[in-house]
Amino acid sequence: MASCSGNSSTCTKFQSSSSEEDLQVVMDQRKNKRKLSNRESARRCRMRKQNHIDDMMNQVSQLTKENSEIVTSVNFTMQHYLNIEAENSILRVQMVELNQRLESLNSIINLINSTTKDCYVTSAENFMNPMNMFYFNQPIMASMDMFQW
């Protein structure tokens with residue numbers, strides 16, 4: 001510190017100016033410390049923000065991949081469904097045709113049965129004529145179970 005040797009106002013000014021300088025130094029130190037703290041806080045904030053962005057980008061990538069897999073699966077399933085639907089349509093048409101043939105064959109059998117009842121046929125003729133045999137005279141029956149896989 002400075003020593004005062006005569007004029008007290010000069011001494012007070014000197015002490016005052018010295019304490020103002022000390023106060024200014026302390027304030028500058030606090031200001032610098034606050035700046036450093038703010039810089040560090042901003043750096044941490046930027047790091048958190050960057051980490052969040054990276055996490056979100058990874059999530060977008062993962063969800064895009066999952067979405068692509070789901071779309072592929074849906075397309076495969078849809079193609080499989082269309083193939084089965086086409087096959088089902090073909091089987092329905094075949095079933096209608098077979099039912100018509102069955103009705104036609106049953107009407108032929110009924111016609112044969114009605115004509116053979118009117119005629120007297122001996123057992124030997126029954127044996128020699130396969131159309132008169134018992135199992136040929138039975139109606140042909142079909143159920144929907146036959147046409148299912």
Side-chain angles (χ1 to χ4, degrees), residues 1-117 126-127 129-149:
M1 291 230 150
S3 64
C4 298
S5 61
N7 193 345
S8 68
S9 71
T10 307
C11 183
T12 307
K13 281 183 183 177
F14 183 69
Q15 286 177 349
S16 173
S17 121
S18 173
S19 85
E20 284 178 11
E21 286 175 5
D22 289 340
L23 183 61
Q24 186 66 35
V25 167
V26 169
M27 288 177 66
D28 285 345
Q29 286 176 346
R30 286 182 184 168
K31 193 181 206 183
N32 286 337
K33 188 176 179 182
R34 199 169 43 247
K35 280 183 181 180
L36 286 175
S37 176
N38 287 345
R39 284 180 187 150
E40 183 62 26
S41 177
R43 184 186 68 78
R44 286 191 308 268
C45 182
R46 285 190 301 270
M47 284 181 78
R48 279 193 307 269
K49 184 177 179 182
Q50 186 62 44
N51 287 340
H52 182 67
I53 289 172
D54 291 343
D55 289 344
M56 296 297 279
M57 292 299 290
N58 287 338
Q59 189 175 6
V60 165
S61 175
Q62 180 66 29
L63 291 173
T64 301
K65 180 182 174 185
E66 287 177 17
N67 189 37
S68 175
E69 290 171 359
I70 290 170
V71 166
T72 301
S73 175
V74 166
N75 287 340
F76 176 77
T77 303
M78 186 58 113
Q79 186 62 42
H80 188 65
Y81 167 79
L82 291 174
N83 289 342
I84 288 183
E85 189 66 31
E87 185 179 347
N88 196 16
S89 294
I90 291 169
L91 290 173
R92 283 187 178 138
V93 168
Q94 287 176 347
M95 183 183 71
V96 168
E97 289 174 358
L98 288 172
N99 277 333
Q100 289 172 350
R101 288 176 60 190
L102 178 64
E103 288 176 16
S104 178
L105 288 172
N106 279 334
S107 65
I108 290 171
I109 289 173
N110 288 337
L111 181 64
I112 291 173
N113 282 340
S114 67
T115 58
T116 56
K117 287 180 184 177
N126 277 339
F127 182 74
N129 186 356
M131 292 304 290
N132 290 331
M133 288 186 177
F134 174 74
Y135 58 88
F136 277 111
N137 290 331
Q138 297 298 315
I140 299 172
M141 302 300 275
S143 68
M144 290 302 292
D145 296 337
M146 293 180 55
F147 300 106
Q148 293 180 355
W149 291 89

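Side chains included, hydrogens not; waters and symmetry mates left out as well; all remaining heavy atoms used.
- Here the CG atom belonging to Asn110 is positioned 11.5 Å from the CD atom belonging to Glu103, to the nearest 0.5 angstrom.
- Residues Leu102 and Asn106 have side chains in contact (heavy-atom distance under 4.5 Å, counting atoms from C-beta outward).
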Distance-only donor-acceptor hits, side chain of residues 69-79, under 3.5 Å, sequence neighbours excluded:
unit_1: Thr72; atom_1: OG1; unit_2: Ser68; atom_2: O; d: 2.9
unit_1: Asn75; atom_1: ND2; unit_2: Val71; atom_2: O; d: 3.4
unit_1: Thr77; atom_1: OG1; unit_2: Ser73; atom_2: O; d: 2.8
unit_1: Gln79; atom_1: NE2; unit_2: Asn83; atom_2: OD1; d: 3.4

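- Between the side chain of Ser104 and the backbone N or O of Gln100 there is no donor-acceptor pair closer than 3.5 Å.
- The shortest side-chain heavy-atom distance between Leu91 and Gln94 falls under the 4.5 Å cut-off.
- Looking at Gln50 and Asp54, their side chains do bring a donor and an acceptor atom within 3.5 Å of each other.
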Validation: residues 23-35 side-chain donor-acceptor distances under 3.5 Å, sequence neighbours left out:
unit_1: Gln24; atom_1: NE2; unit_2: Asp28; atom_2: OD1; d: 3.3
unit_1: Asn32; atom_1: ND2; unit_2: Asp28; atom_2: O; d: 3.3

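- Of the possible donor and acceptor atoms, one in the side chain of Ser89 sits under 3.5 Å from a partner among the backbone N and O of Glu85.
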Problem - Full working for side chain to side chain contact (heavy atoms under 4.5 Å, CB included) between Ile108 and Ile112 - result: CA-CA 6 Å; Ile108 290 171; Ile112 291 173; 3.9 Å; yes
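- Applying the side chain to side chain donor-acceptor pair (under 3.5 Å) test to Arg43 and every residue at least two apart in sequence or in another chain returns Glu40.
- Atom CG of Asn67 and atom NZ of Lys65 lie 13.0 Å apart (nearest 0.5 Å).
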